[in-house]
Amino acid sequence: MKLKILILLILSVSGASAYYISNGYISEAPYTIQFSTSKAEGSLSGLTGTVYFKETDLVNSSFDVAVDVATIKTGNKLKDRHARNGKWMDASSYPNITYTSQAIEKYNTKYKVTGLLTIKGISKEKTIIFDIINKNEIEYLKGTTTVTREEYGIEGNSFAFLVGDEITVDLEIPASYNN
C-alpha cells in the first residue's frame, strides 16, 4: 500500500526533479522524492530526463522526466514487492512514471508547472508548485503536489483502504550551474 503512494509521489516529483537554472543542469544526487498518505509513506529513485528552467524565460522552460517504478521503497520489502505488482503499480507493464510540462509560470513568489503526469498508462494534467531555495550554497528546487490513487487506476489489494487515496508528494532536487 505504501508503494502505491510512493509511486504517485514520484510521478508528482518527477515533474520538478530535473532542473536547469540559467544555463545549468540539475545534479543527479542527492535528490529526494518522498510520498505519504494517512497510513503509508516511502520514496522513489531512478530519476532521469531533462528540465530546462530559466526564471527570465519561462515560456521556453520545460520539464520532461521519468522515475523508475521498481525503485519504490517503503521500509518493508514485502510491501515494496506488493507495490510493484499488477494491482498497485504494475512495474512490469508500466516501468516508469513520467511528467512532461505544458506551461511554467510565476505563482506569487514561487513557480507553477502544469503538465501531464502518466502513471500506469493513464495521463492526467497535474500542477506542481515549487520554489528555489538555497542550502549550504547549493540551490534546490523544492515542491509539493497531491495525487489520488483512483485517478490513476491504482487499486491495490483488499487492504487498499488502509493506505488512503490521497497521496502527498514532496521533492527536493539540487541544482548546480553548468555555464
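As a basis for the values below, the full set of heavy atoms in this structure was taken, side chains included, without hydrogen atoms, waters or symmetry mates. Predicted, not measured: the structure shown is a model, and the values here were computed from it.
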Check for a donor-acceptor pair, side chain of K126 on one end and backbone N or O of T146 on the other, with a separation under 3.5 Å.
yes
Is there a side-chain contact between S92 and D90 (heavy atoms, below 4.5 Å)?
yes
Mark yes or no for whether K120, through its side chain, and G153, through its backbone, hold a donor-acceptor pair below 3.5 Å.
yes
Stepwise, does the side chain to side chain contact (heavy atoms under 4.5 Å, CB included) test hold for V147 with K124?
CA-CA 10 Å; V147 295; K124 302 277 184 178; over 6 Å; no
Distance-minimising heavy-atom pair for E150 and D165
N-OD1, 3.1 Å
Is T71 reaching over with its side chain to a backbone N or O of D68, donor-acceptor style, under 3.5 angstrom?
yes
If you compare all heavy atoms of E151 against all heavy atoms of T148, which two are closest, and at what distance to 0.1 Å?
OE2-N, 2.9 Å
Per the side chain to side chain contact (heavy atoms under 4.5 Å, CB included) rule, which among I128, I104, T100 passes with F63?
I104
Check: T98 main-chain N/O paired with N96 side-chain donor or acceptor under 3.5 Å:
no
Nearest heavy-atom neighbours spanning A70 and A91:
N-CB, 4.4 Å
Tell me the closest heavy-atom pair linking V113 and Y99, and the distance in Å.
O-OH, 3.2 Å
Nearest heavy atoms of S62 and S101, plus distance in Å
CA-OG, 3.3 Å
Is the positively charged end of K106 above the ring of Y111, judged by distance under 6.0 angstrom from the centroid and angle within 45° of the axis?
yes
Does K110 offer a backbone N or O that forms a donor-acceptor pair with the side chain of N108 under 3.5 Å?
no
Between S61 and K54 (side chain of the first, backbone of the second, donor and acceptor by atom type, cut-off under 3.5 Å), is there such a pair?
yes
Measure from the side-chain N and O atoms of D80 to the backbone N and O of T74, and report whether any donor-acceptor pair falls under 3.5 Å.
yes
